[in-house]
There are 2 protein chains.
Amino acid sequence: MKYVYAFEEGDKSQKYLLGGKGANLAEMTNLGLPVPPGFTITTEACKVYMAGHDTLPEGLMDEVAGAVSALEAKMGKRLGDVDDPLLVSVRSGAPFSMPGMMDTVLNLGLNDTSVQGLAKQTANERFAFDSYRRFVQMFGKIVLDIPGDAFEHALEALRDERGVATDPELSADDLRGLVATFQGIVRKRSGSDFPQDPAEQLRLAIEAVFKSWNGERARIYRRMEDIPDDLGTAVNVQTMAFGNKGEDSGTGVAFTRDPATGENLPYGDFLTNAQGEDVVAGIRVTEPLDAMANHFPECHEQLLGVMTLLQNHYRDMCDIEFTIEQGRLFILQTRVGKRTAVAALRMAVEMEEEGLIDKREAVLRVQPEQLDQLLHPQFDPDAKYTAITKGLNASPGAAVGQVYFTADDAEARHTEGQRVILVRPETSPDDLHGMIAAEGILTSRGGLVSHAAVVARGMGTPAVCGASELEIDLGARQFKVGDTVVREGEVISINGNTGEVVVGAVPVVTPEPTGPFGVILGWADDFRTLGVRTNADLPHDAEVARGFGAEGIGLCRTEHMFLGSRLHLVQRFILAASAEEERQVLVELATSQKEDFLGILEAMDGLPVTVRLLDPPLHEFLPDIEELVVKKAQGELDQAGQVLLNAAEHWKEANPMLGTRGVRLGILKPELYKMQVRALLEAAIERKLKGGNPIVEIMIPLSVSKAELGLAVSWVREVAESLFGAGADLGGVDYKVGTMIETPRAALVADEIADEAEFFSFGTNDLTQMTFGFSRDDIEGRFMPVYLERQLLPYNPFETIDMEGVGGLVRTAVRLGRERRPDLKLGICGEHGGDPTSVAFCHEVGLDYVSCSPYRVPIARLAAAHAALGAAGPGSTA
Amino acid sequence: MKYVYAFEEGDKSQKYLLGGKGANLAEMTNLGLPVPPGFTITTEACKVYMAGHDTLPEGLMDEVAGAVSALEAKMGKRLGDVDDPLLVSVRSGAPFSMPGMMDTVLNLGLNDTSVQGLAKQTANERFAFDSYRRFVQMFGKIVLDIPGDAFEHALEALRDERGVATDPELSADDLRGLVATFQGIVRKRSGSDFPQDPAEQLRLAIEAVFKSWNGERARIYRRMEDIPDDLGTAVNVQTMAFGNKGEDSGTGVAFTRDPATGENLPYGDFLTNAQGEDVVAGIRVTEPLDAMANHFPECHEQLLGVMTLLQNHYRDMCDIEFTIEQGRLFILQTRVGKRTAVAALRMAVEMEEEGLIDKREAVLRVQPEQLDQLLHPQFDPDAKYTAITKGLNASPGAAVGQVYFTADDAEARHTEGQRVILVRPETSPDDLHGMIAAEGILTSRGGLVSHAAVVARGMGTPAVCGASELEIDLGARQFKVGDTVVREGEVISINGNTGEVVVGAVPVVTPEPTGPFGVILGWADDFRTLGVRTNADLPHDAEVARGFGAEGIGLCRTEHMFLGSRLHLVQRFILAASAEEERQVLVELATSQKEDFLGILEAMDGLPVTVRLLDPPLHEFLPDIEELVVKKAQGELDQAGQVLLNAAEHWKEANPMLGTRGVRLGILKPELYKMQVRALLEAAIERKLKGGNPIVEIMIPLSVSKAELGLAVSWVREVAESLFGAGADLGGVDYKVGTMIETPRAALVADEIADEAEFFSFGTNDLTQMTFGFSRDDIEGRFMPVYLERQLLPYNPFETIDMEGVGGLVRTAVRLGRERRPDLKLGICGEHGGDPTSVAFCHEVGLDYVSCSPYRVPIARLAAAHAALGAAGPGSTA
């Protein structure tokens with residue numbers, strides 16, 4: 001097997017073999033772009049390395065040696081040469097872009113000898129030793145696993161000693177000394193001398209890239225992005241181009257369109273006399289791309305040409321890294337660029353208008369999950385507030401939360417249920433867990449392509465970056481803006497669309513998406529075959545969802561209708577001493593129930609509304625036993641309290657999830673269920689008489705057997721017949737009776753259940769709980785993180801449906817149910833209904849619709865279109 | 001379709017068509033026995049009746065009229081005749097014997113006219129009117145559904161009026177008046193006159209029998225005995241023979257062998273001048289069968305001849321109802337007789353010795369569930385106690401419990417967890433629910449074939465009947481024996497083997513079964529292919545089970561080893577502030593764990609011992625939060641208590657059944673699991689070094705995925721390798737690692753699980769909980785009774801495995817597991833392992849063994865033999 005490909009040997013189709021970066025470098029080389037020569041070590045080599053328990057594949061280093069020789073011949077330079085050394089970069093390149101996740105080593109090939117050659121060639125000793133110290137530092141940190149602090153502290157100490165504030169103020173001699181200091185650190189920490197042999201440097205760097213594939217940061221990112229763990233990474237070895245050779249050099253990142261807004265204009269960051277890492281790390285404040293025209297007019301024009309060529313070639317927005325070495329432009333890499341949801345929508349629609357792509361591709365260009373960004377709350381336009389400062393609008397959406405200054409704190413508070421804003425000078429991949437936990441991210445340094453900004457946009461988390469007025473004091477756990485001091489735990493609001501930072505909580509609203517959003521979703525609706533409904537308990541939610549395109553209600557929970565001001569009625573019902581007393585309370589409840597249903601049926605007029613009869617166990621409507629018991633011990637429990645305590649003790653359950661709830665409750669209290677059915681059907685009749693078009697689906701929860709469901713269905717028919725018999729025009733009301741499939745048994749005997757049910761709605765939340773034996777309340781905070789971290793589960797089955805276990809039950813139920821009743825209507829109303837991967841599963845198993853929360857409806861519509869277009873799964877647009 | 005068969009037209013093979021009773025009447029008729037002529041209406045007619053929503057099948061009554069004409073011709077009498085009327089009985093007769101469950105009407109054909117004929121023919125007006133009033137009473141109660149009290153009160157009032165104590169003291173005129181009174185009751189209660197037309201009487205009676213098939217009592221009995229609901233019942237119409245025509249008449253029940261002991265001697269009860277119902281109802285005290293030789297020597301001899309003939313013909317013990325009418329013997333019905341477990345064993349072994357049956361049949365003659373009677377506790381032979389009275393030894397075994405006087409009370413107290421003795425003057429089918437709930441039954445009236453005795457023996461519940469010294473005062477809720485008063489709620493003990501009744505609790509022991517018990521189980525072992533293990537946590541239990549024939553331990557729970565004196569250690573482990581502290585506690589725990597395992601491995605030397613690693617959630621080892629909270633509110637919680645409270649709050653779970661338990665606990669606390677494995681393997685090594693033969697199976701509970709199980713298995717291997725590496729002779733220790741299949745997901749992905757597991761043990765208790773979503777703690781007392789009562793479930797899935805749902809998962813797991821690992825060892829360790837129907841299921845799906853509690857081991861052995869002989873299910877010996 002061939003493990004090493006020169007750039008000239010590949011093309012962009014070979015993403016899986018050469019990685020995304022390698023394939024694109026090959027493509028650009030063959031397009032004739034000014035790419036520094038180099039070669040790519042394949043992902044196959046990485047896989048063999050992993051399979052062999054971290055042993056490099058046989059023959060690999062021989063092939064590498066051959067490729068290096070070819071490169072040396074082409075460049076007329078030799079690695080480690082004392083006069084004119086070849087220097088290379090070593091970068092990872094996985095099949096899917098993983099920004100900031102994988103490690104990079106620059107300036108490889110420098111040693112105590114070749115640094116002299118570099119000094120000679122550039123006539124710049126300072127530059128040579130600065131490059132060398134950067135190499136030792138980077139190699140030490142990434143390849144030899146020495147904490148970066150060790151080098152940073154030495155650098156700081158040197159600055160202090162010299163009394164200077166920035167690195168450029170250090171002299172060549174200072175840097176020469178620093179190299180020696182760094183080599184000492186390497187010797188002390190790794191137990192060996194810094195490797196002088198360039199071939200050994202290269203071998204160690206290649207191994208480090210391979211190892212980093214299974215590093216914690218990479219694994220977390222892959223889990224978040226649903227990228228398979230077995231793809232492996234390629235390694236790109238490329239001739240160095242230096243952007244830090246002086247004021248005639250520079251480096252930058254360019255986007256062919258604006259990745260934040262989607263506007264069709266070149267966009268990017270640029271720094272003179274810098275290496276690429278300086279741009280990405282966000283340590284120095286960058287200049288906009290336009291400014292390059294002033295410094296390097298020819299290079300700027302050449303770059304614009306390259307950008308046009310690449311965008312037309314890839315038929316997509318490209319993200320390009322470039323370097324200018326002493327006035328000469330080099331293209332270091334390109335890839336299809338990441339973008340905000342707004343930008344993705346606008347680009348997709350505009351590229352379709354430009355004829356660059358067709359509608360199908362336009363729909364596929366927007367990731368369903370991305371839309372969540374647009375549906376995030378925004379500052380209420382009418383809200384009055386004063387921003388204490390403004391940073392860069394790095395990731396859209398508004399967030400409100402308590403300030404925490406470390407990723408660990410942010411994660412811990414989030415686990416406790418708090419909303420957190422993570423505030424950092426800048427972020428690094430080590431902060432990822434805190435960033436995932438945070439509602440929003442605020443940094444005082446870094447630009448729009450800094451780590452914080454890129455990751456936040458990818459996750460759809462609002463972020464404000466580079467808010468340079470922030471003085472963060474990590475030790476004191478506070479930040480200052482002028483005289484304003486904000487301490488850990490205080491609430492702030494950030495606006496990722498404007499960069500505003502506000503002390504206190506600003507009211508937030510969710511925008512009405514328009515323009516490209518509507519266009520893409522309209523196209524998506526043309527492609528999809530799966531219906532999309534919403535889970536809504538209130539008329540307002542139903543209206544919002546309908547606005548987002550919901551085609552009905554898949555789950556209207558009635559328990560919410562029993563809380564608040566009606567709680568005392570429910571308690572009276574539970575405490576009722578006689579059937580007559582129960583009946584009286586039910587009459588009162590029926591009146592308000594009917595009002596609820598009228599509102600919902602009106603909001604969804606003409607669309608189906610699935611109403612689930614009461615589900616939760618009765619003790620949920622009673623006060624907490626512990627509180628009552630404490631009161632009693634303190635002699636403060638009155639007679640009424642004692643009655644409630646007795647009832648609470650009576651209805652208390654060891655495992656309420658598996659207790660007296662759902663249809664079981666109905667069977668113990670049939671009049672309660674009959675009251676709900678009557679209220680619903682009366683509401684429907686009233687709507688009908690008023691000229692409305694109510695479509696009612698009555699759903700019995702938690703069934704396990706045909707007989708049990710049949711009994712509950714018989715009540716519905718009985719009530720319906722009594723209303724019909726009473727002369728009301730029930731004949732005109734369209735109603736169905738069905739059940740939730742949420743116990744494993746219901747799925748296993750779905751054929752018998754289908755004898756009684758006109759529709760099934762898969763309650764995949766409970767089905768997941770029972771199939772795994774996972775009580776969500778108990779495990780999400782306790783062992784689910786451990787399970788995901790240790791890969792004992794591939795993903796959280798409460799977020800994405802477990803295809804093997806729970807999915808197996810769904811498949812069984814679909815098959816058995818349809819065999820028995822071919823026109824059985826099938827839907828899903830668990831939270832999975834709004835998860836794109838799960839939506840794809842629902843499409844594949846042949847459900848009729850998914851139902852999700854109102855704000856997930858657009859996501860589900862787009863995901864359903866992707867599924868219909870056969871483009872489910874990660875990386876479909878990459 | 002032909003619905004009516006004369007007795008001459010059938011034979012005993014037609015049980016499903018003619019019912020058990022009808023088939024046997026036909027058989028006896030064709031054997032030439034003195035059976036009063038009659039005919040049988042088939043079960044098919046009943047099924048058509050039920051299918052047609054209680055409409056008699058077309059043409060049925062025409063066929064019946066034809067059969068009646070033929071009967072009239074044969075007997076030379078006519079129904080309703082004014083001179084010499086034909087009278088018939090109408091009885092139900094289902095395919096399986098349901099004693100006391102179905103209704104019977106005697107003397108049908110009597111009316112205001114024919115009663116005169118009966119008086120003429122018998123020259124006994126008193127007899128004629130007594131027969132008529134009995135008929136009106138019985139017809140009114142059973143056919144017209146009028147409460148029996150109404151008639152009883154009128155009878156009582158008449159006795160009071162006449163100043164007499166018993167019915168025989170009433171005169172013919174009294175009885176004539178009583179008929180008129182009874183007819184008045186009928187008119188008032190039913191709204192119609194008592195039917196005078198015999199054909200109408202017959203039609204109504206036939207319908208009543210059909211309806212009684214779905215009566216509540218019948219349904220409860222069928223559920224208890226696992227008899228299908230769709231078999232229907234036949235109706236037998238038979239010429240009346242009168243045992244109450246005077247002192248030259250009588251009636252009785254005979255058994256060809258003693259149904260209590262199995263002794264090969266005729267056995268039975270006899271009453272002169274009585275109808276059959278008087279014997280069965282237990283209202284009068286009967287004479288033993290031998291006494292009949294004094295009153296009716298010829299009939300006695302003839303009866304003995306019939307008994308021998310029938311026993312040889314049926315090759316089994318027969319239960320025969322007979323009547324002597326004016327010196328002439330009639331056989332009214334026969335069936336294979338019910339028997340105690342002791343009797344069943346003895347009869348089976350002796351009949352095999354006599355050459356009547358072979359070993360196969362002998363094994364099938366004993367119902368596995370029956371053995372439970374033998375394994376029930378008995379009074380400790382060394383216990384000192386004084387019986388306050390002695391009744392009949394109606395059903396074997398000893399019971400201790402609190403006295404309650406109504407079935408409702410007995411059931412209610414039982415549901416609350418109390419042990420109850422139901423004390424009644426006599427029982428009727430209306431008391432069935434209380435009898436099921438009771439530990440023991442005590443009656444003051446009734447003989448060995450009374451309702452109480454028959455039902456108690458069938459259920460294996462200890463019973464003492466006919467304890468005539470008992471003066472029961474239902475109103476005062478107490479009974480007296482001489483001066484001793486026992487009030488509701490007081491504890492008594494009864495001995496169903498001796499008839500003793502004792503105030504207070506007598507210590508009980510369980511006997512060592514010998515003789516026929518051992519013989520039958522030995523034969524069973526030769527037939528069965530399924531292994532039988534036991535669930536045992538202590539060496540003593542293991543020894544008991546081994547004595548009962550257990551072939552290893554299928555489930556040794558280790559949580560019991562963490563309680564008692566070790567609880568403080570476990571609490572220290574939970575509260576440990578550091579890994580070091582945890583480690584120290586584990587060292588202490590390991591010492592005692594090893595001792596536990598040594599004892600168990602010794603008790604089961606040479607047989608496999610499956611040890612389940614710790615399963616329950618940690619909070620089970622902590623004090624009750626409510627108690628601590630109350631203490632705190634009262635200011636009585638010290639610092640240590642507060643620490644415990646904090647821990648209890650921390651580990652508290654909303655649904656512990658689905659929480660942090662099993663392997664999840666292991667993954668949070670791996671050192672705990674490793675300690676257990678180390679202690680177990682060290683114990684095995686020590687046993688081996690001492691010349692023992694330990695066979696160890698380590699079981700990981702509650703797995704859901706391959707990766708999770710794989711991690712736990714890796715710890716086991718790691719510990720084993722560490723011991724082996726340490727020089728101990730682990731090579732000689734036979735150990736396996738496997739898992740419990742107790743989550744639905746584990747069953748659904750059993751192929752992957754089998755990659756890691758060398759054996760599966762189905763934990764069907766938890767699997768049932770999760771498949772149904774039934775928390776056993778919460779539902780057994782609350783809605784399970786309602787579900788069974790209303791037939792929403794065919795049976796309690798915690799007693800007998802749910803074949804469709806849970807069973808479907810077991811089948812899936814067996815198939816997937818064996819596909820992946822052909823030598824996978826498969827067992828079951830839920831309580832179903834001791835339930836005969838479930839054992840048959842385990843045999844059928846191909847498990848290697850079942851494991852059950854020690855006292856169920858013999859039952860499982862016999863059930864496994866039945867399964868292997870293809871005789872599972874109800875009625876296999878009937």
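The chains referred to below are lettered A, B, ... by the order of the sequence lines, with proteins before strands, and numbering in each begins at 1.
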Picking from [options], which has the most non-hydrogen pairs under 4.5 angstrom with chain A?
{"options": "B/A707, B/G773, B/A633", "answer": "B/G773"}
{"options": "B/G808, B/P744, B/A747, B/G662", "answer": "B/P744"}
{"options": "B/R664, B/K632, B/R661", "answer": "B/R664"}

Can you see which heavy atom on [X] is nearest to which on [Y], and at what distance?
{"X": "B/P656", "Y": "A/A654", "answer": "CD-O, 3.3 Å"}
{"X": "B/N655", "Y": "A/M657", "answer": "OD1-N, 2.8 Å"}
{"X": "B/E626", "Y": "A/V629", "answer": "OE1-CG2, 3.7 Å"}
{"X": "A/I779", "Y": "B/L658", "answer": "CG2-O, 4.0 Å"}

Could you check if a side-chain atom of [X] sits within less than 4.5 angstrom of a side-chain atom of [Y], using non-hydrogen atoms only?
{"X": "B/R745", "Y": "A/M770", "answer": "no"}
{"X": "B/L668", "Y": "A/F783", "answer": "yes"}
{"X": "A/E804", "Y": "B/L748", "answer": "no"}

With a 4.5 angstrom heavy-atom cut-off, could you sort out which part of [X] is near chain B: side chain, backbone, both or neither?
{"X": "A/V786", "result": "side chain"}
{"X": "A/R790", "result": "side chain"}
{"X": "A/L702", "result": "neither"}
{"X": "A/K652", "result": "both"}
{"X": "A/V749", "result": "side chain"}
{"X": "A/D766", "result": "neither"}
{"X": "A/Q791", "result": "backbone"}

Checklist entry - Yes or no on side-chain contact (heavy atoms from CB on, under 4.5 Å) for A/V630 and B/V630, after CA distance, side-chain angles and deciding distance? => result CA-CA 5 Å; A/V630 166; B/V630 166; 5.7 Å; no
Next on the checklist: Between A/S705 and B/L793 (side chain of the first, backbone of the second, donor and acceptor by atom type, cut-off under 3.5 Å), is there such a pair?
Outcome noted: no
Item to check | Side chain, backbone, both or neither of B/E752 within contact of chain A (heavy atoms, under 4.5 Å) | outcome: side chain
Next on the checklist: If I measure from the heavy atoms of chain A, does B/I625 come under 4.5 Å with its side chain, its backbone, both, or neither?
Outcome noted: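 Side chain only.
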Checklist entry - Given the rule in the side-chain contact (heavy atoms from CB on, under 4.5 Å) test, do B/T743 and A/F772 qualify, once you have shown the distances and angles that lead to the verdict? => result CA-CA 6 Å; B/T743 64; A/F772 280 86; over 6 Å; no
Checklist entry - Distance from B/D778 atom CG to A/W651 atom CH2, nearest 0.5 Å? => result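 Answer rounded to 0.5 Å: 11.5 Å.
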